[in-house]
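Numbers here simply count residues along the sequence, with the first being 1. Remember, predicted model here, so these are calculated numbers, not experimental data.
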Amino acid sequence: MSTSCWKTFFAATAALALLAGCSESATQQAKAPTSSKHSSPAPVEPPTLPAGSFDQAKAQAELTTAQAAREAGNAAEARRQAEAAVDHWPGDPAAWAELQTDCQSLADVECSRYAAFFQAKIEFLKGLPARAGVLGFQNIAEEPTGTKAGAYTYDERTIVTARRLWAFYHQQDPMAAKRDQPMDEEPSFAEEYPYAPAVLVIGAGAGLLTAAKSLANK
């Protein structure tokens, strides 16, 4: 490559880097006034539960016992085991479905609706990030008793269970520790502008192609 080509290459790269830096600086300057006037509310801490509150292996064993008891015609024992299963691992929709079935067998309409309500919520969250469960159950937990959700009315047990599920999904969230960092820590450029490197690469590629074409036409 000739000296003039190298100069063109370095000039294009430097210009793109300078534009990226100016863009970052302008963005920070634009954000500065608003950040001083509008502060984000402090994050709400999830409920704190004792260590070992959630145990998937124990919950699975209890669910198996509940199913066996139901098949043996012992609905009361099946319900007791199903309640233990949803307590130890509330994120399992199968445990909630078992509890609903057992409550129906005992003609307990209120319990059946309660189990169906949470079973539907857990099913909806399957495949979604744990953060969705954190925010969803936090919203339910912060509602007063008597709140209507369609045909379902939140009672004290619903609020308590929502708080437990809030804590459960927070524990399952792999990003929870990062979100719990002090708010005064400055995010890195890559965290604040995750697509900037890709944009810079694309821009550099486009600039170099334009420069190459210009040189070829000379």
Side-chain angles (χ1 to χ4, degrees), residues 41-72 74-106 108-147 149-150 152-183 185:
V44 179
E45 290 294 328
T48 302
L49 300 180
S53 294
F54 304 120
D55 188 325
Q56 191 173 19
K58 184 178 290 186
Q60 186 57 53
E62 290 161 342
L63 176 57
T64 300
T65 302
Q67 292 167 339
R70 172 170 49 82
E71 291 172 359
N74 191 345
E77 177 61 15
R79 171 177 169 168
R80 191 180 73 81
Q81 292 292 333
E83 287 176 334
V86 298
D87 190 58
H88 283 127
W89 201 258
D92 183 6
W96 287 104
E98 176 64 31
L99 179 59
Q100 181 188 8
T101 300
D102 299 333
C103 290
Q104 286 177 335
S105 298
L106 295 168
D108 189 335
V109 176
E110 185 177 328
C111 172
S112 179
R113 287 177 178 172
Y114 160 80
F117 175 80
F118 282 105
Q119 194 267 343
K121 300 295 183 188
I122 302 302
E123 279 286 359
F124 177 79
L125 289 168
K126 286 174 64 176
L128 295 179
R131 183 64 174 170
V134 171
L135 297 176
F137 287 113
Q138 177 186 343
N139 287 338
I140 295 174
E142 292 178 340
E143 293 288 349
T145 56
T147 298
Y152 187 77
T153 303
Y154 296 177
D155 57 7
E156 184 61 29
R157 179 169 61 166
T158 299
I159 301 302
V160 170
T161 301
R163 285 181 60 80
R164 191 172 185 84
L165 278 157
W166 175 7
F168 172 80
Y169 278 100
H170 177 75
Q171 181 175 299
Q172 301 305 308
D173 185 3
M175 299 298 291
K178 189 173 183 180
R179 292 192 184 93
D180 291 341
Q181 289 178 352
M183 296 299 289
E185 290 186 9

- Closest heavy-atom pair, E98 versus A66, reported as atoms and distance to 0.1 Å, is OE2-O, 3.7 Å

- Query: Distance from M175 atom CE to R131 atom CZ, nearest 0.5 Å?
  - Reply: 10.0 Å

- Rounded distance [0.5 Å steps], NE2 in H88 versus OG in S53: 8.5 Å

- Is there a donor-acceptor contact under 3.5 Å linking the side chains of Q138 and E142? yes

- What is the distance from atom CZ of F168 to atom CD1 of I122, rounded to the nearest 0.5 Å? 7.5 Å

- Pick out which of E71, R70, E77 makes a side-chain contact (heavy atoms from CB on, under 4.5 Å) with N74. E77

- Task: Determine whether P129 and Q172 make a side-chain contact, defined as any pair of heavy atoms from C-beta on separated by less than 4.5 Å.
- Result: no

- Has the side chain of W96 got a donor or acceptor atom that lies under 3.5 Å from a matching backbone atom of P90? yes

- Query: If you take all heavy atoms of C103 and S112, which pair is closest and at what distance?
  - Reply: CB-N, 3.6 Å

- Distance (rounded to the nearest 0.5 Å) between F54 CZ and W89 CH2: 8.0 Å

- For side-chain contact (heavy atoms from CB on, under 4.5 Å), just list the numbers for Y169 and V134, CA-CA rounded to whole Å, side-chain angles, deciding distance to a tenth of an Å, and then say yes or no. CA-CA 5 Å; Y169 278 100; V134 171; 3.8 Å; yes

- Item | pair T161-F117: side-chain heavy atoms closer than 4.5 Å | no

- Rounded to the nearest 0.5 Å, how far apart are CZ of R80 and CG of L99? 13.0 Å

- Message: For R157 and C111: C-alpha separation, side-chain torsions, deciding distance, then whether side-chain contact (heavy atoms from CB on, under 4.5 Å) applies.
- Response: CA-CA 10 Å; R157 179 169 61 166; C111 172; 4.2 Å; yes

- Tell me, do Q81 and L63 make a side-chain contact under 4.5 Å, heavy atoms counted? no

- Query: Do E143 and N139 have side chains that get closer than 4.5 Å, going by heavy atoms?
  - Reply: no

- Rounded to the nearest 0.5 Å, what's the gap from CZ on R164 to CD1 on I159? Could you check? 15.5 Å

- Task: For the pair R79 and D108, evaluate side-chain contact (heavy atoms from CB on, under 4.5 Å) and give the outcome as yes or no after the intermediate values.
- Result: CA-CA 11 Å; R79 171 177 169 168; D108 189 335; 2.8 Å; yes

- Message: Using a 3.5 Å distance criterion without hydrogens, assess whether the side chain of T153 forms a donor-acceptor pair with backbone atoms of A149.
- Response: no

- Are more than 12 heavy atoms from other residues, nucleotides or ligands located less than 6.0 Å from atom CD of E110? no

- Task: State, without any angle test, whether S105 and D102 hold a side-chain donor-acceptor pair at a distance under 3.5 Å.
- Result: no

- Item | Residue pair P47 / R163: nearest heavy atoms and the distance that separates them | CG-O, 3.4 Å

- Is the shortest heavy-atom distance from the side chain of T147 to the side chain of T158 under 4.5 Å? no

- Taking all non-hydrogen atoms of both residues into account, name the closest pair between A69 and A78 and its distance. CB-N, 3.7 Å

- Partners meeting side-chain contact (heavy atoms from CB on, under 4.5 Å) with D55 (sequence neighbours left out): A57, K58

- Task: Flag yes if more than 12 heavy atoms outside Y152 fall under 6.0 Å of its OH atom; otherwise flag no.
- Result: yes

- Task: Over all heavy atoms of both residues, which pair between A95 and A82 is shortest? Give the atoms and the distance, please.
- Result: O-CB, 4.4 Å

